[in-house]
Amino acid sequence: MPKPRLMYFPDKDILYLWFADGKERASVELRPHVTAEYDAKGALLGIEMLAPFKFQLTVSQKPLVVVGW
């Protein structure tokens, strides 16, 4: 499994966290401006955040668990 990568694209104001390489087949909006992207098998490829510095992300008090990481 590749190591997660974090990239910021300033020209489009997009923050992207990659978990795996692959072709996106589906996406789910987790909240406004935050989208999870999946491959054909349903594996999480990454999380895209649009305009990350223009809105406040509220973080839950519960720890975030990423299965398989």
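What you see is a predicted model, and the numbers here were worked out from it, not measured in a lab.
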Donor-acceptor list for residues 8-23 side chains, cut-off 3.5 Å, not counting sequence neighbours:
residue : atom : partner : partner atom : Å
Tyr8    : OH   : Asp13   : OD1          : 2.5
Tyr16   : OH   : Glu37   : OE1          : 2.6
Asp21   : OD1  : Arg5    : NH2          : 2.9

For Ala43, all residues meeting side chain to side chain contact (heavy atoms under 4.5 Å, CB included), sequence neighbours excluded: Asp39

Point-to-point distance, once rounded to the nearest 0.5 Å, from CG of Leu45 to OG of Ser27: 10.5 Å

CE-CD distance between Met7 and Glu48, expressed to the nearest 0.5 angstrom: 13.0 Å

